[in-house]
Amino acid sequence: MGGSSVVAILANLSPLLFIAASVVLFVKTRSPWILVAAILEVIMLMFRAGMYFGATELVSNEIFMGAWQLVGLLTGVCFLGFAATWQPDDKRRVP
């Protein structure tokens with residue numbers, strides 16, 4: 001297995017771990033911010049897959065690349081919204 005294969009595996013493992021962490025956070029907090037962030041991260045993973053399978057056409061497509069960046073930005077906004085509204089002693093929290 002070459003170095004580029006390892007990098008490709010790690011690059012695809014990161015979003016999967018992020019999705020798993022988002023799901024765990026949602027189960028523990030029931031925060032709609034985290035639910036939306038998890039959904040957006042799945043969409044970003046689909047963008048990544050689309051780029052993998054249609055790389056030459058999609059990299060040069062400004063709409064595709066712009067939408068991908070927008071979804072990434074919205075994911076960050078969701079996590080910021082969660083951080084700003086989260087209450088550690090929230091009664092919705094699962095023990």
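Just so you know, these numbers use all the heavy atoms, side chains as well, and skip hydrogens, waters and symmetry mates.
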Worksheet entry | Test side-chain contact (heavy atoms from CB on, under 4.5 Å) applied to Met65 - qualifying residues, sequence neighbours left out | Met51, Trp68

Worksheet entry | Interatomic distance, Thr85 atom OG1 to Leu80 atom CG [nearest 0.5 angstrom] | 9.5 Å

Worksheet entry | Min side-chain heavy-atom separation Pro15-Arg48 under 4.5 Å | yes

Worksheet item: Does Leu74 have any side-chain contact (heavy atoms from CB on, under 4.5 Å) partners at least two apart in sequence or in another chain, and if so, which?
Response: Leu40, Leu70

Worksheet item: Does Ile63 CD1 have over 12 foreign heavy atoms under 6.0 Å away?
Response: no

Discussion item. Holding to side-chain contact (heavy atoms from CB on, under 4.5 Å), I want the full list of residues that pass it with Leu16, two or more places apart in sequence or in another chain.
Written reply: Leu45

Discussion item. Once ring pair (Phe, Tyr, Trp, His ring centres under 6.0 Å) is applied, what residue pairs with a partner in residues 24-44 remain, sequence neighbours excluded?
Written reply: none

Worksheet, complete the sentence: dist Phe82:CZ -> Leu25:CG (nearest 0.5 Å) comes out at 5.5 Å

Discussion item. What's the separation between atom CD1 in Ile39 and atom CD1 in Ile19, rounded to the nearest 0.5 Å?
Written reply: 11.0 Å

Fill in: Cluster link Met44 to Val77, ILVMFWY, side chain under 4.5 Å
no

Worksheet item: Taking only residues two or more places apart in sequence or in another chain, which ones pass side-chain contact (heavy atoms from CB on, under 4.5 Å) with Phe18?
Response: Ser22, Glu41, Thr75, Phe79

